[in-house]
Structure formats: structure tokens, C-alpha cells
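Since the structure comes first, as C-alpha cells, the remarks are kept for the end.
Residues: numbered from 1 along the sequence shown.
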Amino acid sequence: MIDNNSRKKDVITIIIDHLLPQKVEFILMFGISLFWTIAYVLIIYKGFKDQSYGVPLAAICLNISWEFLLTFILPFHPLQQIVTLVWFLLDCIILLQFLYYSKKTYNKRMLYASVFSLIVIAFLVQYTMAIEFHDTMSLYSAFGINLVMSILFIKMLLTKELQGQSLTIAYLKMIGTLCASILCFSFFPQSILLTMLYILILIVDVVYILMVYNKSITIVHKSPIYKKTM
């Protein structure tokens with residue numbers, strides 16, 4: 001188990017060693033919560049509208065396990081705990097969407113077994129990472145998951161077109177993650193690994209936005225309404 005005293009010491013150190021003014025940090029924290037929450041809500045809405053899922057299965061399992069960990073096992077601040085609880089509940093809805101809309105594609109028993117196994121594995125890996133690297137805020141896991149998620153979104157776009165996805169969701173995801181990257185860089189400017197993750201995520205997110213935009217333009221040009229106006 002992670003020693004509570006060491007966890008408190010880590011949080012105190014973070015507060016003292018910040019590079020940005022507290023007002024800026026508060027705005028960034030608010031941005032993370034706001035943009036990602038709206039992104040989750042829109043993903044759920046688009047999923048019901050398109051009768052599809054808006055997040056790849058691996059990303060769903062990684063997200064749920066991380067949010068469960070930060071909400072119930074390793075919370076480091078009451079406000080953070082509330083936000084991750086909200087995200088956890090929203091991700092549970094996204095998971096239910098995946099299970100419901102995928103039941104015709106996959107064997108039901110195998111699907112449930114796979115989802116359960118992936119969540120357990122993801123939780124165990126992230127929990128042991130937090131212990132091994134004394135990462136009480138699970139930042140390495142968070143940005144690692146985010147990079148994987150960004151890559152999987154591109155893969156999902158290539159296989160599912162725009163089902164469950166939209167340009168607005170892509171922008172919200174990128175802005176929310178960018179707020180988190182700037183905030184965490186102000187806490188840990190010395191971390192080469194985290195800095196590399198920030199940069200890679202931003203690059204992949206920009207690529208994803210461009211791909212969604214191009215796909216949207218293509219769909220509009222193919223629509224009968226657009227052709228009639230030409």
C-alpha cells in the first residue's frame with residue numbers, strides 16, 4: 001500500500017513547486033473538468049443518435065479502471081474525486097452502449113468475459129504502476145491512456161467512419177487534454193517522459209481532428225442535398 005504520509009507530502013510538494021499562478025492553474029483544472037465532461041456527454045449523445053459506440057473498447061476499459069482507481073482507491077483531493085466519479089459514471093454509460101450495440105457483432109459470453117478481463121488487467125497494471133513509481137496522482141497512467149486513446153480514435157475512424165464521433169468531440173478532447181498537459185508540465189517540468197507524452201498526444205489529436213474534418217467534408221459532398229444545390 002502507498003503510505004498516506006508520503007502521498008500527502010507529494011501533494012504538498014506539487015502545490016509549492018508550481019510554475020504558473022494559482023489562478024491560471026485553477027482555470028486549467030476547470031478546463032480539464034469542463035471540456036472532458038462535455039466530450040463524454042456528446043459521445044454518449046452521438047452514440048445513441050448513431051446507434052453505435054463512440055469510444056474503442058480498450059480505451060473504455062483503461063478509462064474506467066483509471067477513474068475507479070482515482071475515485072475509490074487513490075483520491076488525492078475532494079474536488080478531483082468528484083470529477084473522476086462523474087467521469088466514471090459517464091464511462092459506464094459508454095461501456096453499456098458498447099455492449100448493447102456490439103451484441104450482434106460478438107458472441108455475448110465472450111464479449112462480457114473480454115470486457116471484464118480487460119478492466120481487471122488495466123486496473124492491476126495501473127495500480128501497481130502507481131505503487132512502483134510513487135505516482136500518487138496516476139499521471140503516467142493518465143497520459144499513457146490518453147495517447148493510446150488518441151491512436152485508437154484514429155483507428156476507429158478508419159473502420160467505423162464517423163459513427164459515434166464528431167469534430168466537436170475531437171476538439172473538446174484535444175483542448176481538455178491540452179489543459180491537463182500544461183497544468184502537469186507546471187508541476188513536473190523536469191519529467192522527460194511526461195513531456196514527450198504531452199507532445200505526442202497533441203500531435204495525434206491534431207491529426208485526428210484533420211481526419212475527422214476531411215471525413216465530414218467528404219460525407220457532405222456525397223449527400224443528395226449537396227448535389228442538388230450544385
Side-chain angles (χ1 to χ4, degrees), residues 1-40 59 62-88 90-91 122-151 153 170-206 208-209:
M1 297 294 290
I2 297 177
D3 181 65
N4 287 331
N5 292 329
S6 64
R7 288 177 58 196
K8 291 178 180 178
K9 183 178 179 182
D10 289 341
V11 175
I12 292 172
T13 302
I14 289 170
I15 294 173
I16 292 174
D17 293 339
H18 55 66
L19 297 179
L20 298 172
Q22 280 193 323
K23 288 184 179 180
V24 176
E25 291 180 357
F26 176 79
I27 292 172
L28 290 171
M29 286 187 282
F30 180 76
I32 297 166
S33 305
L34 178 66
F35 291 118
W36 264 107
T37 301
I38 297 175
Y40 277 135
L62 287 168
N63 283 339
I64 284 181
S65 58
W66 184 86
E67 290 151 1
F68 181 87
L69 181 66
L70 267 292
T71 302
F72 302 106
I73 310 297
L74 298 175
F76 58 85
H77 191 278
L79 290 177
Q80 162 269 318
Q81 193 171 16
I82 293 172
V83 172
T84 50
L85 175 60
V86 171
W87 290 348
F88 173 76
L90 291 173
D91 258 324
F123 173 80
L124 292 175
V125 170
Q126 291 179 67
Y127 181 62
T128 51
M129 278 181 64
I131 296 174
E132 180 75 18
F133 298 110
H134 306 288
D135 183 15
T136 55
M137 298 173 68
S138 291
L139 293 179
Y140 291 107
S141 296
F143 285 100
I145 290 170
N146 213 307
L147 179 59
V148 171
M149 188 175 181
S150 296
I151 295 171
F153 262 74
Y171 273 116
L172 288 169
K173 177 190 177 306
M174 184 189 72
I175 296 171
T177 306
L178 185 59
C179 289
S181 299
I182 295 171
L183 180 65
C184 291
F185 180 78
S186 73
F187 291 157
F188 305 103
Q190 75 284 358
S191 176
I192 299 174
L193 175 56
L194 286 175
T195 302
M196 180 58 67
L197 288 173
Y198 308 149
I199 295 170
L200 290 175
I201 292 169
L202 180 59
I203 292 172
V204 178
D205 281 349
V206 170
Y208 176 66
I209 287 174

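- The CG atom of L178 lies 10.0 Å from the CD1 atom of I32; values are rounded to the nearest 0.5 Å.
- Although no hydrogens or angles enter the test, the distance criterion places a donor-acceptor pair under 3.5 Å between the side chain of Q126 and the main chain of A122.
- Counting all heavy atoms, side chain and backbone alike, S181 lies closest to F143 at OG-CE2, 3.6 Å.
- Within the 4.5 Å cutoff, side-chain heavy atoms of I73 are placed close to those of F123.
- Across all non-hydrogen atoms, the minimal contact from T84 to Q81 is OG1-O, 3.1 Å.
- Inter-residue side-chain proximity for M149 and L62 is flagged as unmet; no heavy-atom pair is nearer than 4.5 Å.
- Across all non-hydrogen atoms, the minimal contact from T128 to V125 is OG1-O, 3.0 Å.
- Nearest heavy atoms, E67 versus F88: OE1-CA, 3.3 Å.
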Do any side-chain atoms of residues 189-204 form donor-acceptor pairs under 3.5 angstrom with protein atoms, and if so which ones, sequence neighbours left out?
from	atom 1	to	atom 2	distance (Å)
S191	OG	L194	N	3.2
T195	OG1	S191	O	2.7

List the steps, then state whether side chain to side chain contact (heavy atoms under 4.5 Å, CB included) holds for L28 with L20.
CA-CA 10 Å; L28 290 171; L20 298 172; 3.8 Å; yes
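- In plain terms, the two heavy atoms of D205 and S150 that are nearest each other are OD1-OG, 2.7 Å.
- Counting only heavy atoms from C-beta outward, the side chains of W36 and L172 never approach each other to under 4.5 Å.
- Classified by interplanar angle (parallel below 30°, tilted 30° to 60°, perpendicular above 60°), the ring pair F72/F68 is tilted.
- The backbone N or O of F187 lies less than 3.5 Å from no partner atom in the side chain of E25, so there is not a single donor-acceptor pair.
- Remark: the backbone N or O of S138 is paired with a side-chain donor or acceptor of W66 at under 3.5 angstrom.
- To the nearest 0.5 Å, atoms CG (L74) and CE (M137) are separated by 11.5 Å.
- Rounded to the nearest 0.5 Å, atoms OH (Y127) and OG (S141) are 12.5 Å apart.
- A distance of 5.5 Å separates OG1 of T71 from CG of L85, quoted to the nearest 0.5 Å.
- Taking the side chain as every heavy atom from C-beta outward, K173 and I209 never approach each other to under 4.5 Å.
- The aromatic rings of F30 and F26 sit parallel, their planes meeting at an angle under 30°, below the 60° perpendicular limit.
- Using a 4.5 Å cut-off on side-chain heavy atoms (C-beta onward), F76 and T136 make no contact.
- The heavy-atom pair separating D135 from L139 by the smallest distance is OD2-N, 2.8 Å.
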